[in-house]
S.K.: 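This is the structure I want to talk about, given as structure tokens.
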Amino acid sequence: RDIGVTGVQTCALPISAHRPLLCGHRGNPEKYEDNVLDSFSSAWSLGMDAVETDVRVTSDGELFCQHDRYATGHENINLISSAERRAHGFASLDSLIELREREYPDAGVVLDVKTVATAERLLSEYTPSPELLLISFSDYVIRLALAEGWPTALLNTYPDPFIIQDFLPEGCYLGANFYQADLLSDDELSRSFVGGVDDEEQAIHLAERGTWCLNSNRPAMLAELFGV
């Protein structure tokens, strides 16, 4: 979608002019464990335009869908092999991309990258695609991805959402939490990826203001609200 900002990397995730992009955070965690293929498939089946997942690197260098650094208890995912992750049912990034291409080719994947090491691995193994959006709290990671031609969104760690714009590279979407969104103008929201939208009134309010993307732990709620 062309969001009207000079230099922005176009993100072609499917979208309607009448509603925001709808995204399932970690798939559909209301019904399945986070970051397993069934969770992602469920979110897409509900009509989500995209699913979002963090990406981490296992001890043997494979990219896996994993939100927290610590996979089980206090065990760091960087110390766990890909075989161990598969044994517990978690999705590798390859398997998620393959699922999308095989069963949901019109859907998108949003990849949250926390570390430079993960970004470098990801950028070396995957080529930019309009159906893939790379998001990060790190402006350095975002600049690495932009240099490779990836659609990106810089997430905001600041209480005041305007501070982040001092760090926002040209050609990057804006990321915000739901409580920061009301401080943004309608124009800024039209190019914003807003997370934590788990309340119906929040979702409706943000949609009415023209927010670009709503990321939620409750994809079934979004599906019902927007009739997808």
Side-chain angles (χ1 to χ4, degrees), residues 1 3 11-55 65-68 89-91 95-97 99-100 103-112 114 131-137 151 153-157 159 161 173-186 188-228:
R1 178 189 182 189
I3 58 174
C11 184
L13 297 179
I15 193 163
S16 164
H18 306 293
R19 63 167 175 81
L21 177 77
L22 304 179
C23 186
H25 183 232
R26 312 184 204 177
N28 183 9
E30 286 188 305
K31 187 172 182 181
Y32 294 98
E33 189 169 3
D34 293 356
N35 298 316
V36 298
L37 288 179
D38 283 345
S39 184
F40 296 124
S41 182
S42 176
W44 279 324
S45 296
L46 286 168
M48 294 300 98
D49 302 297
V51 295
E52 183 266 1
T53 180
D54 283 37
V55 181
C65 302
Q66 174 68 42
H67 186 267
D68 300 312
F90 292 96
S95 66
L96 174 59
I97 299 299
L99 174 66
R100 186 200 75 79
E103 298 186 28
Y104 306 94
D106 295 327
V109 180
V110 179
L111 304 173
D112 188 345
K114 294 290 197 299
E131 291 76 31
L132 303 179
L133 175 69
L134 188 151
I135 64 176
S136 181
F137 289 100
L154 179 60
L155 303 177
N156 190 6
T157 58
Y173 295 90
L174 179 65
N177 292 320
F178 68 88
Y179 57 83
Q180 297 164 329
D182 274 340
L183 300 176
L184 297 173
S185 69
D186 289 353
E188 289 163 334
L189 280 176
S190 72
R191 51 190 175 92
S192 290
F193 179 93
V194 180
V197 185
D198 296 333
D199 178 83
E200 292 184 13
E201 290 185 5
Q202 289 171 355
I204 293 170
H205 174 66
L206 289 167
E208 289 175 343
R209 293 193 59 202
T211 303
W212 175 55
C213 180
L214 305 181
N215 188 30
S216 178
N217 290 299
R218 302 180 61 199
M221 174 201 72
L222 292 183
E224 183 175 357
L225 281 179
F226 295 99
V228 298

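Computed from a predicted model, the values in this text were never measured in an experiment.
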S.K.: Rounded at 0.5 Å granularity, tell me how far CZ in Phe40 sits from OG in Ser45.
M.R.: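 The CZ atom of Phe40 sits 13.5 Å away from the OG atom of Ser45.
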S.K.: Can you check whether Ile204 reaches Leu225 side chain to side chain, under 4.5 Å on heavy atoms?
M.R.: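 Yes, at least one pair of side-chain atoms sits under 4.5 Å.
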S.K.: Donor-acceptor pair, distance only, cut-off 3.5 Å: does the side chain of Thr53 make one with the backbone of Leu111?
M.R.: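 Pair absent, no side-chain N/O of Thr53 close to backbone of Leu111.
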S.K.: Between Asn28 and Ser42, what is the shortest heavy-atom contact and its length?
M.R.: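 Asn28 and Ser42 have their closest heavy atoms at ND2-OG, 2.9 Å.
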S.K.: With heavy-atom distances below 4.5 Å as the criterion, would you say the side chains of Ile97 and Leu132 are in contact?
M.R.: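 A side-chain contact exists here, since the closest heavy-atom pair is under 4.5 Å.
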S.K.: Counting only heavy atoms not in Glu103 (residues, nucleotides, ligands), do more than 12 fall under 6.0 Å from its CD?
M.R.: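 Above 12, so yes.
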S.K.: How close do Leu222 and Cys23 get, heavy atom to heavy atom, and via which atoms?
M.R.: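 Closest approach of Leu222 to Cys23: CD1-O, 4.1 Å.
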S.K.: How far does CG of Asn177 sit from CZ of Phe193, to the nearest 0.5 angstrom?
M.R.: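 The distance works out to 10.5 Å.
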S.K.: Quick one: do Cys65 and Val55 satisfy side chain to side chain contact (heavy atoms under 4.5 Å, CB included)? Show the steps, please.
M.R.: CA-CA 5 Å; Cys65 302; Val55 181; 5.8 Å; no
S.K.: Of all the heavy-atom pairs spanning Ala220 and Glu30, show the shortest one and how long it is.
M.R.: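 Of all heavy-atom pairs spanning Ala220 and Glu30, the closest is CB-OE1, 4.2 Å.
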S.K.: Quick check against the 3.5 Å criterion: does Ser39 have a side-chain atom that pairs as donor or acceptor with the backbone of Arg26?
M.R.: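 Pair found, side chain donor or acceptor close to backbone of Arg26.
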S.K.: Applying the side chain to side chain donor-acceptor pair (under 3.5 Å) criterion to Glu188, which one of Ser192, Ser185, Ser190 satisfies it?
M.R.: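 Result for side chain to side chain donor-acceptor pair (under 3.5 Å) with Glu188: Ser185.
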S.K.: Step by step, would you call Asn215 with His25 a side chain to side chain donor-acceptor pair (under 3.5 Å)?
M.R.: CA-CA 6 Å; Asn215 188 30; His25 183 232; 4.6 Å; no
S.K.: Does Ser136 reach the side chain of Leu155, with side-chain heavy atoms less than 4.5 Å apart?
M.R.: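 No, every pair of side-chain atoms sits at 4.5 Å or beyond.
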S.K.: Nearest 0.5 Å, what's the CG-CG distance between Asn35 and Asp54?
M.R.: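 Answer for the CG-CG pair, Asn35 versus Asp54, is 7.0 Å.
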S.K.: Tell me whether Arg100 is salt-bridged to Asp106, with the criterion being a basic N under 4.0 Å from an acidic carboxylate O.
M.R.: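 No, Arg100 and Asp106 are not salt-bridged.
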S.K.: Could you tell me whether the side chain of Asp49 and the main chain of Leu22 form a donor-acceptor pair under 3.5 Å?
M.R.: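 Answer holds: yes.
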S.K.: Just so I know, are the side chains of Trp212 and Leu189 near enough to count as touching, which here means a heavy-atom distance under 4.5 Å?
M.R.: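 A side-chain contact is absent here, since even the closest heavy-atom pair is not under 4.5 Å.
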S.K.: Is it true that the side chains of His205 and Asp182 contain a donor and an acceptor less than 3.5 Å apart?
M.R.: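 Looking only at side-chain atoms, Asp182 and His205 do form a donor-acceptor pair, the distance falling under 3.5 Å.
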S.K.: Do Glu52 and Asp112 touch side chain to side chain, with heavy atoms closer than 4.5 Å?
M.R.: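 Yes, at least one pair of side-chain atoms sits under 4.5 Å.
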S.K.: Rounded to the nearest 0.5 Å, what's the gap from CZ on Arg209 to CG on Asp186? Could you check?
M.R.: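 Between Arg209 CZ and Asp186 CG, I get 4.5 Å after rounding to 0.5 Å.
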S.K.: Of all heavy-atom pairs between Met48 and Ala223, which one has the smallest distance, and what is that distance?
M.R.: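 That would be CE-N, 3.8 Å.
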S.K.: Between Asp34 and Gln66, does a side chain to side chain contact (heavy atoms under 4.5 Å, CB included) hold up when you go through it step by step?
M.R.: CA-CA 8 Å; Asp34 293 356; Gln66 174 68 42; over 6 Å; no
S.K.: Please check this pair: side chain of Asp198 against backbone of Asn217, looking for a donor-acceptor N/O pair closer than 3.5 Å.
M.R.: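 The answer is yes, because a donor-acceptor pair under 3.5 Å joins these two groups.
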S.K.: Calculate, to the nearest 0.5 Å, the distance between atoms CD and CG belonging to Glu224 and Leu46 respectively.
M.R.: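 That separation rounds to 11.0 Å.
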S.K.: Flag the pair Leu206 / Leu214 as yes when at least one side-chain heavy-atom distance between them is below 4.5 Å, and no otherwise.
M.R.: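 Of all side-chain heavy-atom pairs linking Leu214 with Leu206, at least one is under 4.5 Å.
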S.K.: Mind listing the closest non-hydrogen atom pair of Phe226 and Ala203 along with its distance?
M.R.: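 Result for this residue pair: CZ-O, 4.0 Å.
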S.K.: Take Tyr32 and Ser41 through the test side chain to side chain donor-acceptor pair (under 3.5 Å) and record every step on the way to the result.
M.R.: CA-CA 10 Å; Tyr32 294 98; Ser41 182; over 6 Å; no
S.K.: Does the side chain of Tyr179 reach to within under 4.5 Å of the side chain of Val194, using non-hydrogen atoms?
M.R.: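 Heavy-atom side-chain distance check fails, nothing below 4.5 Å.
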S.K.: Looking at Trp44 and Leu99, what are the two nearest heavy atoms and their distance?
M.R.: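 Looking at all heavy atoms of both residues, the shortest contact is CZ3-CD2, 3.9 Å.
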S.K.: Indicate yes or no: at least one non-hydrogen side-chain atom of Cys213 is less than 4.5 angstrom from one of Tyr173.
M.R.: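 Heavy-atom side-chain distance check fails, nothing below 4.5 Å.
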S.K.: Say you draw a straight line from CG of Leu184 to CG of Leu174; how long is it, rounded to the nearest 0.5 Å?
M.R.: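 Between atom CG of Leu184 and atom CG of Leu174 there are 5.5 Å.
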S.K.: Using a strict 4.0 Å threshold on nitrogen-to-oxygen distance, state whether Arg218 and Asp199 make a salt bridge.
M.R.: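 Answer for the salt bridge query: no.
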